[in-house]
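Here is the structure we will look at, set down as structure tokens.
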Amino acid sequence: MVGSGLVFNRASAKSAPKQTVVNVAFKSTDPTQLTDFVYNTVDPTSADYHQYLTPTAFAAKFGQPDSYVQSLKAYLDNYHVQTTIYPGNLAAKVTGTPANVQKAFNAKYVAAKKGSQITTAYKLPGSLSSQIVAVIGLYATKPKPKTTKKPNAKAKKTTTHKHAAINQAVSTGLSTTDQKPDTALSGNAFSKKYGVAKFANAYQLNDLYSKGL
């Protein structure tokens, strides 16, 4: 297949490592003021009516400071994953192999208890974790069960069953459903169907960004 000056073949596509995409949502530096501003932009009686901000102005007023996002990016770079900070400094996209992404977030599989769902716990340094609302698309695989050998008995083959974990951000209280996401999606496909790209398309944010708003 030829496109944009690049040539790909099936052999190279198969040899390329599988990539996974995780979206990280940051806290606003002033959630109350941000909520008021959003409502004011659609209130004809407000002085902020239709006074939209550029991504740079939004980042300066409501987003995380550049020092924070650069610290997060530097930390994740140690695990050989790629981090892209979205304009506005309220979200980031992390791309890498499943193993490297899980190591970067110290992801742990959490078995479902009665009345609850399977989750994935993550852990980051306190200075970084405290400014994160949710990590979307992060899945840890279920550990293989430990087998004990019985004397004078033939070893039995065990089969592990992969569970498609229904992931939710740790301690965020976000609602979940029984619908399991397609974790086989790679690249931007996962983001477009479940993550930030889906949100951006639904609210036509790309059109605003293209106009510098």
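The chain is numbered in sequence order, starting from 1. The structure presented is a predicted model; accordingly, all values stated were derived computationally and were not measured.
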key: Non-neighbouring partners of N23 that pass side chain to side chain donor-acceptor pair (under 3.5 Å), sequence neighbours left out   =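 Result, side chain to side chain donor-acceptor pair (under 3.5 Å) vs N23: none returned.
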[atom2] on [Y] to [atom1] on [X], rounded to 0.5 Å:
X	Y	atom1	atom2	answer
K123	L128	NZ	CG	13.0 Å
Q19	T97	CD	OG1	6.5 Å
Q70	D77	CD	CG	9.0 Å
F26	S130	CZ	OG	11.5 Å

Sub-3.5 Å donor-acceptor pair from the side chain of [X] to the main-chain atoms of [Y], do we have one?
X	Y	result
Y109	P143	no
S71	S67	yes
Y75	P125	no
K108	A140	no

Mind listing the side-chain donor-acceptor pairs of residues 46-63 below 3.5 Å, one per line with the distance, residues two or more places apart or on another chain?
{"from": "S46", "atom 1": "OG", "to": "D48", "atom 2": "N", "distance (Å)": "3.1"}
{"from": "T54", "atom 1": "OG1", "to": "A57", "atom 2": "N", "distance (Å)": "3.1"}

key: Hydrophobic cluster identity match, Y79 and V101, side-chain contacts under 4.5 Å   = yes
task = Evaluate the criterion side chain to side chain contact (heavy atoms under 4.5 Å, CB included) for residue pair L124 and I132; output intermediate values, then yes/no.
result = CA-CA 10 Å; L124 292 173; I132 292 178; 3.5 Å; yes
ask   = Considering all heavy atoms of both residues, which atom of P98 and which atom of K18 are nearest to each other, and what is their separation?
value =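 What the structure gives for the nearest pair is CD-O, 3.3 Å.
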key: Non-hydrogen atoms of G137 and V22 that approach each other most closely   = O-CG2, 3.7 Å
Do any side-chain atoms of residues 31-40 form donor-acceptor pairs under 3.5 angstrom with protein atoms, and if so which ones, sequence neighbours left out?
{"from": "T35", "atom 1": "OG1", "to": "P31", "atom 2": "O", "distance (Å)": "3.0"}
{"from": "N40", "atom 1": "ND2", "to": "D36", "atom 2": "O", "distance (Å)": "3.1"}

Side chains of F105 and V24 in contact at under 4.5 Å (non-hydrogen atoms) = yes
Please report, to 0.1 Å, the donor-acceptor pairs under 3.5 Å made by any side chain of residues 81-94, with sequence neighbours excluded.
{"from": "N89", "atom 1": "ND2", "to": "Q64", "atom 2": "O", "distance (Å)": "2.8"}
{"from": "N89", "atom 1": "ND2", "to": "D66", "atom 2": "OD1", "distance (Å)": "3.0"}
{"from": "K93", "atom 1": "NZ", "to": "N188", "atom 2": "OD1", "distance (Å)": "3.0"}

